[in-house]
Amino acid sequence: MKLLRFGPRGHEKPGLLDADGVIRDLSAHVPDIDGPHLGRERLAVLAGIDPERLPAVPADTRLGPCVGRVGKFICIGLNYSDHAAETGAEVPAEPVVFSKWTSAICGPDDDVIIPRGSRKTDWEVELGVVIGKAGRHIDEADALDHVAGYCVVNDVSEREFQLERSGTWDKGKGCDTFGPLGPWLVTPDEVADPHALAMWLEVDGHRYQDGSTRTMVYRVPFLIGYLSRFMSLQPGDVISTGTPPGVGMGQKPPVYLKPGQRMRLGIEGLGEQCQSVVADEPA
């Protein structure tokens, strides 16, 4: 299934995408696409519904983030060997873990806001993993049983805030609108191998990132097991697993986002996002 959330910001309804690309309203069957409704048994019930019996939604309806009420937005840095090389960094001996604040989450086609004082806002297409089953100290062999589905993430990043100011990466990663999720939450039965997916990102039609999850260093089962040693993973948590090469900071010379530009990005089988870049407006 390709599950989604549609409607005005903060008032999204649950839905799915049918085989013909029509959005269907699921709100008579489930209150939201969120943690309490992402278990395998609940997803199996939704999978048994005939989409043609569901109300159609206009094609131009806004899509919200594909998961509601995210508890934790956990990210992995330098997790692609070719991306680590372009930044001049060594592949880390253990995964680099940081957080994006849940207030960064927005819809896949919502505007991305360049923060006030930013000079180095950058892009990163990433594979998102959405947890459907809680766990601690999860065995790697069982890790995929905890996955509700996969989605596209744009890990928008302000590099000066992230790397040139004291402290951790988090303040350059969690600005408002820095976490577009979606368009869809794609259930595991539609993703034969999450480590064999083409992924790409363009700015104003120029393709900067053109990679594959094949070059991921720490793969999804390992990451789930690893993270679960340090925190419980809960249904609705999102893990963003790192980016391939081609980020703005890796260009020679570096290239960063400016108001008026458009980002377009996608992952094979998981859909596309398209965001306009806008300046932060005074309150």
Side-chain angles (χ1 to χ4, degrees), residues 1-5 14 16 26 29-48 65-77 79-80 92 94-102 104-105 125-153 155 179-197 199 213-214 216-243 267-271:
M1 286 184 296
K2 294 180 174 69
L3 299 170
L4 53 86
R5 300 170 70 248
L16 59 77
L26 270 174
H29 299 271
V30 64
D32 203 353
I33 306 300
D34 61 358
H37 305 98
L38 291 177
R40 291 287 173 93
E41 290 184 4
R42 186 59 176 160
L43 293 179
V45 171
L46 297 181
C66 60
V67 184
R69 296 191 295 173
V70 173
K72 294 190 288 296
F73 196 168
I74 311 158
C75 301
I76 308 298
N79 195 33
Y80 282 67
E94 293 191 28
V96 174
V97 180
F98 62 93
S99 294
K100 290 177 89 79
W101 318 126
T102 55
I105 294 172
V125 59
E126 304 202 1
L127 173 67
V129 179
V130 179
I131 298 298
K133 176 184 175 183
R136 297 174 60 242
H137 299 283
I138 298 166
D139 289 335
E140 189 173 342
D142 301 325
L144 293 183
D145 293 340
H146 291 258
V147 174
Y150 303 93
C151 66
V152 181
V153 178
D155 177 17
L181 299 182
W184 318 311
L185 171 63
V186 181
T187 51
D189 56 294
E190 294 198 15
V191 182
D193 183 357
H195 311 106
L197 302 175
M199 55 201 310
T213 56
R214 292 181 188 277
M216 192 183 291
V217 177
Y218 297 107
R219 295 189 161 200
V220 172
F222 178 87
L223 290 173
I224 291 172
Y226 180 84
L227 292 170
S228 74
R229 300 179 204 170
F230 307 106
M231 67 192 83
S232 61
L233 294 178
Q234 302 292 336
D237 288 348
V238 176
I239 304 169
S240 198
T241 57
T243 198
I267 298 179
E268 180 182 356
L270 304 185

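Side chains are part of it too, since the values below use all heavy atoms of this structure and drop only hydrogens, waters and symmetry mates. Note that the structure is a prediction, hence the values are computed from the model and not measured.
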Considering all heavy atoms, the nearest Leu127-Val220 contact | CD2-CG2, 4.3 Å

Distance, nearest 0.5 Å, that separates CE of Met231 from OG of Ser99 = 7.0 Å

Write down the atom of Phe73, the atom of Trp101, and the distance for their closest heavy-atom approach.
-> CD1-O, 4.3 Å

Evaluate the side-chain proximity of Leu26 to Leu3: yes if any heavy-atom separation is below 4.5 Å, no if none is.
-> yes

Look at atom CZ of Arg214 and say whether more than 12 heavy atoms of other residues, nucleotides or ligands are closer to it than 6.0 Å.
-> no

CG-CG distance between Leu181 and Leu4, expressed to the nearest 0.5 angstrom = 13.0 Å

Could you check if a side-chain atom of Met1 sits within less than 4.5 angstrom of a side-chain atom of Val186, using non-hydrogen atoms only?
-> no

Carefully, step by step, assess Val130 and Leu38 under the rule side-chain contact (heavy atoms from CB on, under 4.5 Å).
-> CA-CA 9 Å; Val130 179; Leu38 291 177; 3.8 Å; yes

Heavy-atom nearest pair, Cys151 first then Trp184, reads CB-O, 3.3 Å

Here the gap from Met216 atom CE to Asn79 atom CG, rounded to the nearest 0.5 Å, amounts to 6.0 Å

For Leu233 against Lys72, the heavy-atom pair lying closest together | CA-NZ, 4.5 Å

Between the side chains of Ser240 and Glu126, does any donor sit under 3.5 Å from an acceptor?
-> yes

Check Gly77 against Pro92 and note the closest heavy-atom contact, atom names and distance.
-> O-CG, 4.5 Å

Check step by step if side-chain contact (heavy atoms from CB on, under 4.5 Å) holds for Met199 and Thr213.
-> CA-CA 7 Å; Met199 55 201 310; Thr213 56; 3.7 Å; yes

Smallest heavy-atom separation, Gly71 atom then Thr102 atom, equals O-CG2, 3.9 Å

State, yes or no, whether a side-chain contact exists between Val30 and Leu46 at a heavy-atom distance under 4.5 Å.
-> yes

Answer whether the closest heavy-atom distance between the side chains of Ile76 and Phe98 falls below 4.5 Å.
-> no

Calculate, to the nearest 0.5 Å, the distance between atoms NE2 and NE2 belonging to His37 and His29 respectively.
-> 13.5 Å

Taking the side chain as C-beta and beyond, is there a heavy-atom pair between Arg5 and Cys66 under 4.5 Å?
-> no

State, with a plain yes or no, whether a side-chain heavy atom of Arg136 is found less than 4.5 Å away from one of Phe230.
-> no

Output side-chain donor-acceptor pairs under 3.5 Å for residues 139-150, partner residues at least two apart or in another chain, one line each.
residue	atom	partner	partner atom	Å
His146	ND1	Lys133	O	2.9
His146	ND1	Ala134	O	3.4

Looking at side-chain heavy atoms only, is the closest gap between Leu185 and Lys2 below 4.5 Å?
-> no

Thr243 vs Val125, side-chain contact (heavy atoms from CB on, under 4.5 Å): CA-CA, chis, key distance, verdict = CA-CA 6 Å; Thr243 198; Val125 59; 4.3 Å; yes

Indicate yes or no: at least one non-hydrogen side-chain atom of Val191 is less than 4.5 angstrom from one of Leu197.
-> yes

Measuring from Asp237:CG to Ile224:CD1, what's the distance to the nearest 0.5 Å?
-> 11.0 Å

In Å, rounded to the nearest 0.5 Å, how long is the span from CD1 of Ile138 to OG of Ser232?
-> 9.0 Å

